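To start, the structure under review is shown below, and the notes come after it.
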Amino acid sequence: MNVKRIIPYTSLILLILFPFRWAAAEPELTFHVIAAQPFGYMDEKGEPTGLHYELIQQLSIRSGIVIRPVIMPYNRIWMTLENGGHDGGIVWRSSERDSLVNYLSFVWTDYLTALTLKNKEINQYDDLHSGDVGVMNSSSINERFNNDTQINKIKIGKYENAVTMLAAERIDAVVGNLFAYMYIARRQKVLDKLSLPGFYMGHREQWLQISKKSKGLLALPEGERARIIQKLSVTLEAMVTDGIIRQINRKYYGDVVNQVSDLLGKPES
């Protein structure tokens, strides 16, 4: 038997049967998902789900890059982005955090309003100086509101709690993401009690952001790192253009997407 001729054939068979042993493994990136409905939460079966959870899953499928979405509290997101404890995720763009992240692609526009109950309309900003105003923990609205010490701000951990407190008149108003408040109010069957669309406070853009200290990306050669970043950016831009992001938003928000656009006279994102 010619042993020299057997060895190459054996190697070829192994390469065909087990190609993964001969190829460089793709890195697995960890992306955060904000722990709040509708962005990220556990469903009735105890499975992770949510608007941003699904967006990241779609980004992974379409880009071919392995991404593990992890639901985490908002405050922890910034702590671990700063030290590279996870690689990135979708969150609102803010100049205060430019030193922590690189912005890859726009995702969605959220509109911010001050909401109260019917017959208690907020007609001007100074109306917020009367009564208790609920706002999400660590939420940034705008510079004027954030620094206004004349407003009695009640920090609240979840949108669900804020809507419950407003409907029960335990607070006088809530300030924040109109999409999220309307989504929760509809689930709690109190949407008809709200004075919509509320007093307009501005808007925030959701962006895919990557930690400047991402351990998963910094471990790669520069060329490979650039390829992955470019692939993520191009894929997400395509998801905006082809409507999959709007489709997933409508899955969770339903008609609220159209209602917000109509109420504020804004085009859909």
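None of the values given here were measured: they were computed from a predicted structure.
- Here the closest non-hydrogen pair linking Leu29 and Leu232 is CD1-CD1, 4.2 Å.
- Looking only at side-chain heavy atoms (C-beta outward), Leu178 and Leu112 stay at 4.5 Å or farther from each other.
- More than 12 heavy atoms of other residues, nucleotides or ligands shown are found within 6.0 angstrom of CD on Gln124.
- Side-chain polar atoms of Thr109 and His203 form no donor-acceptor pair below 3.5 angstrom.
- A continuous path of hydrophobic side-chain contacts links Met42 to Ile34 [ILVMFWY only; heavy atoms under 4.5 Å].
- Closest of all the heavy-atom pairs between Pro48 and Tyr53 is CG-OH, 3.3 Å.
- Side-chain polar atoms of Asn146 and Ser140 form a donor-acceptor pair below 3.5 angstrom.
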_Candidate pair Leu196 and Leu115, rule side-chain contact (heavy atoms from CB on, under 4.5 Å), full reasoning_ = CA-CA 7 Å; Leu196 297 169; Leu115 282 175; 3.7 Å; yes

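- The same ILVMFWY cluster, assembled from side-chain heavy atoms under 4.5 Å apart, contains both Ile65 and Val101.
- Interatomic distance, CG of Leu208 versus CG of Leu55, reported as 10.0 Å (0.5 Å rounding).
- Under the 3.5 Å distance criterion, the side-chain polar atoms of Asp87 are left unmatched by any main-chain donor or acceptor of Ser214.
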*Apply the test side-chain contact (heavy atoms from CB on, under 4.5 Å) to residues Trp108 and Val257: give CA-CA distance (whole Å), side-chain angles for both, the deciding distance (0.1 Å), then the verdict.*
CA-CA 11 Å; Trp108 183 260; Val257 171; 4.1 Å; yes

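- Side chains of Asp148 and Tyr125: a donor-acceptor N/O pair is present below 3.5 angstrom, by distance only.
- Within the 4.5 Å cutoff, side-chain heavy atoms of Met239 are placed close to those of Arg62.
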*salt bridge (Lys or Arg N to Asp or Glu O under 4.0 Å) between Lys120 and Asp127: does it pass, once the steps are laid out?*
CA-CA 10 Å; Lys120 296 183 179 182; Asp127 290 343; over 6 Å; no

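- Ser105 places a side-chain N or O within donor-acceptor distance of the main-chain N or O of Ser233, the cut-off being under 3.5 Å.
- Separation of atoms OG (Ser130) and CD (Gln150) is listed at 10.5 Å; rounding is to 0.5 Å.
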*asked:* salt bridge (Lys or Arg N to Asp or Glu O under 4.0 Å), that's the test. Do Glu205 and Arg93 meet it? Break it down for me.
replied: CA-CA 6 Å; Glu205 292 183 348; Arg93 185 165 186 162; 5.6 Å; no

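- Put simply, the side chain of His32 never gets that close to the backbone of Pro69: no donor and acceptor are under 3.5 Å apart.
- Side-chain N/O atoms of Thr49 and Tyr252 include a donor and acceptor closer than 3.5 Å.
- Residues Leu166 and Ile154 fall within the same hydrophobic cluster, defined by Ile, Leu, Val, Met, Phe, Trp and Tyr side chains chained together at heavy-atom separations under 4.5 Å.
- With contacts defined as side-chain heavy-atom distances shorter than 4.5 Å, the pair Leu217/Ile229 qualifies.
- Lys212 NZ: more than 12 foreign heavy atoms inside a 6.0 Å radius.
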_side-chain contact (heavy atoms from CB on, under 4.5 Å) for Tyr74 and Asn137? Distances and angles first, verdict last._
CA-CA 8 Å; Tyr74 191 76; Asn137 286 332; over 6 Å; no

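- Leu128 and Met136 fall into different hydrophobic clusters, where Ile, Leu, Val, Met, Phe, Trp and Tyr residues are linked whenever their side-chain heavy atoms come under 4.5 Å apart, directly or through other members.
- Distance alone, capped at 3.5 Å, places no donor-acceptor pair between the Arg227 side chain and the Glu222 backbone.
- Using modelled atom types, one side-chain atom of Ser211 and one backbone atom of Leu81 make a donor-acceptor pair closer than 3.5 Å.
- For the pair Tyr41/Val33, no side-chain contact is recorded, criterion being any heavy-atom separation below 4.5 Å from C-beta on.
- Looking only at side-chain heavy atoms (C-beta outward), Thr164 and Gln188 come within less than 4.5 Å of each other.
- Summarising the geometry, atom CG belonging to Leu51 is positioned 9.5 Å from atom CD1 belonging to Ile245; distances are rounded to the nearest 0.5 Å.
- The shortest distance between side-chain heavy atoms of Ile184 and Phe179 does not fall below 4.5 Å.
- How far NZ of Lys231 is from CG of Leu236: 12.5 Å, rounded to the nearest 0.5 Å.
- Side-chain contact between Met201 and Arg144 is absent, with no heavy atoms from C-beta onward closer than 4.5 Å.
- Counting only N and O atoms by type, the side chains of Asp110 and Gln206 include a donor and acceptor under 3.5 Å apart.
- Hydrophobic clustering of Ile, Leu, Val, Met, Phe, Trp and Tyr side chains at less than 4.5 Å, counting indirect connections, keeps Phe31 apart from Met79.
- Heavy atoms of other residues, nucleotides or ligands lying less than 6.0 angstrom from NZ of Lys189 number 12 at most.
- Partner of Lys153 under the side-chain contact (heavy atoms from CB on, under 4.5 Å) criterion, out of Ile156, Ile151, Thr149: Ile151 alone.
- Taking the six-membered ring for Trp and the full ring otherwise, the centers of Phe39 and Trp92 sit less than 6.0 Å from each other.
- Using a 4.5 Å cut-off on side-chain heavy atoms (C-beta onward), Asn102 and Gln209 make no contact.
- The minimum heavy-atom distance between Leu194 and Leu117, with the atom names listed, is CD2-CD2, 4.1 Å.
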_Criterion side-chain contact (heavy atoms from CB on, under 4.5 Å) on Ile244 and Gln247, from CA distance to verdict_ = CA-CA 5 Å; Ile244 185 63; Gln247 179 181 327; 3.9 Å; yes

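- Using cut-offs of 30° and 60° for the angle between ring planes, the Trp207 and Phe106 rings count as perpendicular.
- Remark: side-chain polar atoms of Thr113 are paired, donor with acceptor, to backbone N or O of Pro197 under 3.5 angstrom.
- Side chain of Ser60 to main chain of Ile56: no donor-acceptor pair is present (N/O by atom type, distance under 3.5 Å, no hydrogens or angles).
- With values rounded to the nearest 0.5 angstrom, Glu121 atom CD is found 3.5 Å from Ser195 atom OG.
- Atoms CE and CH2, from Met72 and Trp78 in turn, are 12.0 Å apart once rounded to the nearest 0.5 Å.
- Residues Tyr159 and Tyr181 place their aromatic rings such that the two centres sit under 6.0 Å apart.
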